[in-house]
Amino acid sequence: MNDLSEFVEVSSKLGSDLSLVQAGGGNTSQKINSQLMAVKSSGTFLRDISLQKGFCILNYEDVKNYHDTPVDTETKYSKEINKFVQSGNGRPSMESGFHAIIPRKFVLHSHPVYLNVLLCSQEGKSILKTLYPDSLFIGTIAPGMKLSMKIKSIVNKMNDDICILFLQNHGLITASDNLESCYEIHKNISANVKKELSLPKFILENNQDIDPILFEKSLFPDQIVFSDSGDRDSDGFKENFAAANYIFVQINSSGLTPLFLKSQLIDYIRSMDSEKYRLNLKQK
Ligand SMILES: [Zn+2]
């Protein structure tokens, strides 16, 4: 089996940067051989991952092939994905589908607040196309099954050594066979957007006075998940709402227009079994 120590080290570094990952958000994977993949467990914090805990080993060939047959419901989808687990802790990340589908050894996914100023604004798509012409852009979609099926439909467009995928109202995916480049480009995109928009540093304590509109409207999926939790002292609530507040304030001060999630999508995300599982873990 391939060594997972570098993967674990980079995953925890990525997860320890609050501007990239808030609470249990974000997920990473390494394909170990032609069949097995290590992927972060659902609901665990990326910053807490170690060689002993925080990830599952699953058969990614089976996960990938499962997406060839149309799946019907989210509940069935997440149950089926769980069946491909060989070992590890808890359920695999609800995003295991796209980790299996993307044909690169390493896949890193995070929710960078600086980048999300663009991804959660109406003008962001065209700005990012100019800054990163070789990237792929995925319009607003529910995480989990729908996002993975969408990524499957564009996988043949991933021709570069390093793949960059922007997810509207959500975050960033980078993928490469080289872990160091994958991590560097991930961090660089976030830093570059911060510089381009002259954004101030994201500081949790400076974003505790949440704009009331963010309790009515949502910019990204994790904001919905944690607004439903009722526990405002949890890291999940504090970190995700500080991120939402920062993103909202910076969208406005950059002269951009906020792009909120539509109510239909919000209802759909609320109904997802995988999101309820994630939330239940937080409340324990
Ligand atoms: Zn995500």
Side-chain angles (χ1 to χ4, degrees), residues 10-28 40-50 53-55 90 93-95 108-121 143-144 167-173 183 186-187 189-191 193-194 199-252 258 260-261 266 269-270 272 274-284:
V10 167
S11 297
S12 103
K13 250 194 312 192
L14 189 79
S16 302
D17 183 339
L18 197 63
S19 77
L20 296 175
V21 170
Q22 301 81 41
N27 36 68
T28 56
K40 194 197 86 162
S41 303
S42 178
T44 60
F45 285 25
L46 207 45
R47 59 192 178 224
D48 295 336
I49 199 169
S50 71
K53 63 173 172 64
F55 62 89
S93 163
M94 62 182 291
E95 306 292 18
L108 306 178
H109 165 56
S110 76
H111 304 157
V113 289
Y114 307 128
L115 176 63
N116 272 344
V117 171
L118 290 177
L119 289 173
C120 300
S121 75
L167 314 179
Q168 194 170 41
N169 291 110
H170 187 161
L172 174 65
I173 299 171
Y183 177 60
H186 207 95
K187 274 196 322 182
I189 289 170
S190 167
V193 170
K194 179 175 184 280
L199 299 172
K201 187 173 162 48
F202 170 59
I203 298 169
L204 187 80
E205 292 71 29
N206 294 355
N207 287 280
Q208 296 303 301
D209 191 12
I210 312 294
D211 192 296
I213 197 172
L214 297 170
F215 294 103
E216 309 290 323
K217 295 179 170 214
S218 291
L219 291 167
F220 51 82
D222 278 11
Q223 194 190 334
I224 304 167
V225 177
F226 292 101
S227 70
D228 291 352
S229 78
D231 178 7
R232 294 199 176 178
D233 290 326
S234 67
D235 288 339
F237 178 87
K238 278 194 263 188
E239 296 181 18
N240 279 294
F241 271 79
N245 192 69
Y246 174 89
I247 293 163
F248 181 67
V249 168
Q250 296 310 321
I251 286 172
N252 290 324
F260 290 108
L261 298 177
I266 292 174
I269 291 169
R270 283 201 165 119
M272 285 168 67
S274 46
E275 290 293 23
K276 284 180 196 145
Y277 172 78
R278 227 149 59 96
L279 193 57
N280 282 336
L281 283 184
K282 294 293 167 349
Q283 289 177 324
K284 275 172 195 161

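- Heavy atoms only, all atoms of each residue included: Gln223 and Phe241 are closest at O-CE1, 3.6 Å.
- Glu239 has a carboxylate O that lies under 4.0 Å from a charged side-chain N of Arg47, or vice versa, which qualifies the two as a salt bridge.
- With sequence neighbours excluded, no residue forms a side chain to side chain donor-acceptor pair (under 3.5 Å) with Asn116.
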* To do: For side chain to side chain contact (heavy atoms under 4.5 Å, CB included), just list the numbers for Ser190 and Leu172, CA-CA rounded to whole Å, side-chain angles, deciding distance to a tenth of an Å, and then say yes or no.
  => CA-CA 9 Å; Ser190 167; Leu172 174 65; 5.9 Å; no

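- Between Tyr246 and Phe202, the ring planes are perpendicular. Angles over 60° get that label, and only those under 30° would be called parallel.
- Between Gly25 and Asp222 the shortest heavy-atom distance is CA-OD2, 3.8 Å.
- With sequence neighbours excluded, the residues that form a salt bridge (charged side-chain N to carboxylate O under 4.0 Å, His left out) with Lys187 are Glu184.
- A distance-only check finds a donor-acceptor pair linking the side chain of Gln208 to the backbone of Leu204 [under 3.5 Å].
- Side-chain atoms of Leu108 and Ile173, non-hydrogen and from C-beta on, never get closer than 4.5 Å to each other.
- The shortest distance between side-chain heavy atoms of His111 and Phe220 does not fall below 4.5 Å.
- Side-chain atoms of His170 and His109 include a donor-acceptor pair closer than 3.5 Å.
- A distance of 7.5 Å separates CD1 in Ile49 from OG in Ser41, rounded to the nearest 0.5 Å.
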* Audit row: Asp17, Lys13, side chain to side chain contact (heavy atoms under 4.5 Å, CB included) steps and yes/no -> CA-CA 7 Å; Asp17 183 339; Lys13 250 194 312 192; over 6 Å; no

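- With a 4.5 Å cut-off on side-chain heavy atoms, Phe260 and Asn169 do not count as touching.
- Inter-residue side-chain proximity for Leu46 and Asn27 is flagged as unmet; no heavy-atom pair is nearer than 4.5 Å.
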* Using the side chain to side chain contact (heavy atoms under 4.5 Å, CB included) rule, take Val113 and Gln22 through it: C-alpha gap first, then chi angles, then the decisive distance, then the call. => CA-CA 9 Å; Val113 289; Gln22 301 81 41; 3.7 Å; yes

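- For the pair Tyr114 and Val193, the tightest heavy-atom approach, listed with the atom from each and the gap, is O-CG1, 3.4 Å.
- No side-chain donor-acceptor contact under 3.5 Å links Gln168 to the backbone of Leu119.
- Residue Ile224 holds its CD1 atom at 4.0 Å from CD1 of Ile269, rounded to the nearest 0.5 Å.
- Going from atom CZ of Arg270 over to atom CD1 of Ile266 covers 6.5 Å, rounded to the nearest 0.5 Å.
- Atom NZ in Lys238 sits 6.0 Å away from atom CG in Asp235 (nearest 0.5 Å).
- Cation-pi geometry between Lys40 and Phe55 is not met at under 6.0 angstrom from the ring centre and within 45 degrees of the axis.
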* To do: I would like to know whether Ser12 and Asp48 meet side chain to side chain contact (heavy atoms under 4.5 Å, CB included); could you show each step before the answer?
  => CA-CA 6 Å; Ser12 103; Asp48 295 336; over 6 Å; no

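- To the nearest 0.5 angstrom, Asn240 atom CG is 11.5 Å from Leu219 atom CG.
- Counting only heavy atoms from C-beta outward, the side chains of Leu214 and Asn245 approach each other to under 4.5 Å.
- Met272 approaches Met94 most closely through the heavy-atom pair CE-CE, 3.5 Å.
- Glu95 and Gly144 make their closest contact through OE1-N, 3.0 Å (heavy atoms, listed as atom of the first residue, atom of the second, distance).
- Nearest approach of Pro258 to Asn252, heavy atoms of both residues: CD-OD1, 4.0 Å.
- Counting heavy atoms from C-beta outward, Thr28 and Leu14 have side chains that approach closer than 4.5 Å.
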